Amino acid sequence: MCGIIGGVGKLDYRDYLLTGLKKLDYRGYDSAGLAYRKDGKVILKKVAGRVDDLSRAVAPFSGGEVGIAHTRWATHGVPNQANAHPHFSMRRDFYIVHNGVIENYRSLKNLLKDHGYIFHTDTDTEVIADLLEDNYRQKKDVLASISETMGVLRGSFACAIICKDDSNLYFMKKASPLLIGLGKGANYLASDALPMVDYTDKFIDLEDGEYGVLTPAEAKIYIAGKAIAPVVTSRDTARYDYDLDGYPTFMLKEIEESPDVIHCLGDNYFDGEKYLFDQKLIRALRDADEVVFLACGTSYYASLLGVEFMKRLGKRSEAYIGSEWAYYPTLPSKKTVFVLVSQSGETADLILCQKFLLDKGLPTLAITNTKGSTIERKATYSLLLYAGLEVAVAATKSYMAQVVLLALLANAVGGRTSAVAGLDSLIRSLRDIVLRKEGIHAIAKRIFVSRDAFYVGRGHDFAAALECSLKLKEISYIHAEAYPGGELKHGPIALIEKDTPVIGFVSDPLTALALRNNLTELSSRGATVLIVSSEALREEGDSFSYPDVPSLLAVLPEVMFGQYLSYYAALEKKLPIDKPRNLAKSVTVE
Ligand code: G6P
């Protein structure tokens, strides 16, 4: 994964690089570093810590000609100072920051060793710096050296590069995101627009195989030795709101933004009388004999609802985990529509799926929160979530937006408008939970010391259970499993001990009784059973209830309950809620 950033020209480098890096640390936060060139010398600083540690380590400075910085999610080599980026070539001709994985780095390392190179890190990145230097020593031309180097690299890379001999900012890109920001008297690049939006609203999205050079005055882009005319696009910079607005964490803020996000989504896709979806998309979905959802993590769990919505329209529908489907694709019929669901639009496993589909000429619909992201740009149809920036690693409001958008879309395909009426009650229900969140905090205080926990549901309540158990693992570091109610007695019940927390979701009249019976079986074996029910199905002794919402949308209050529960459990355990260990928000490596 990793986040990279660079700038050239008239800039406060310390502020731009460190503030920008902080905004990119959702991409990884194992270690951080920066390098800048000033008065012809390159100064390097890296730490085996987070961006805040780097900020403390970098003394104030002014001036500078060009700078690069990096926040790392370790793939090759432990997160120590030596393995932190920027990396430099043996003779320090080049300094680079890299996001991606060089698959053939071992063979390249051996080749470079034959050329006399000595390695100081365990990373795959170091070979890029040395290859650049090796080529540069022969060619005496940085761009030609980059082109030559790209020719031998296998895998993925977005790199920002400084050469000791000039004050330009060089770059190259393949299969990892990179975009350029065009300023006045300065130019920028980064893994996403967020660190650049305070400086510009004009961007160039780089495509695979492109490389080039930024000077303070211009951007020159090449592909295979030929200059290309870049496409400059404007972005609405207001969308990149990075303020906590008084909240202690982004996760809490983002959970509580969900009702507004849903409201906004309704406004974007329904004008009071009719749905505003592209009619070609609606026709394609109506004509489809199957709708296949591909996604990872939380987006996959949201897709499970997409499947249910489609099935209710009488369509065949399946959801697959992107990293699995990429290697074991089901052979689709010509009338299958593939829906790629991804908050970031940059998840590498899903990009692999999309490549496969593009090669086969099959239509894709991208559902993302990120306009201009790789998946969004390459899809046949695109729907945005309008959820606003999601900073916390845990996906919260984006899950809500995904499920609601899938519901609206299914309604439009089915020619109905009922979900829109349902949205008002959904928003009311979620607002009600926000007001009563201390009740969930009290439950978290009872369970946060547990090593294991279970979420149980049936039907769509099981889909909610899956997402909630993921949240409990990610944020609270509690080992959690989700099971359909009837399945527990076929094995997992052996794990139930005295006081094991089991959270049961009850929102479906069809299975409410059966599920309550399953939960009784567990409490008889000592489990602490906590039932979360819709008001219509509430019974005495239930731990939490929420105002009723239509049918499948019950997953949203249930998941909001689960988001709060993991949030408060993590709070009680004093864990780093927005940046849990080992994770990253945007997983841009396979
Ligand atoms: C990472 C994040 C998850 C997210 C998943 C898929 O694992 O930590 O929160 O659900 O990626 O991300 P996407 O951007 O494709 O929705």
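Counting starts at 1 for both ligands and their atoms, in listed order. Quantities reported herein were computed from a predicted structural model and do not represent experimental measurements.
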Backbone of Ala395 reached by a side-chain donor or acceptor of Glu254 within 3.5 Å: no
Whether Asp30 side chain and Ala74 backbone form a donor-acceptor pair below 3.5 Å: yes
For Tyr455, all residues meeting ring-ring contact (aromatic ring centres under 6.0 Å, His included), sequence neighbours excluded: Phe505
Working for side-chain contact (heavy atoms from CB on, under 4.5 Å), residues Leu276 and Asn268: CA-CA 7 Å; Leu276 303 171; Asn268 271 293; over 6 Å; no
Residues lining ligand 1 [heavy-atom distance under 4.0 Å, listed by chain and residue number]: Cys296, Gly297, Thr298, Ser299, Ser342, Gln343, Ser344, Thr347, Val393, Ala395, Glu474, Ala584, Lys585, Val587
Pairing residues for Phe293 by the ring-ring contact (aromatic ring centres under 6.0 Å, His included) criterion, not counting sequence neighbours: none
ring-ring contact (aromatic ring centres under 6.0 Å, His included) against Phe309, all qualifying residues, sequence neighbours excluded: none
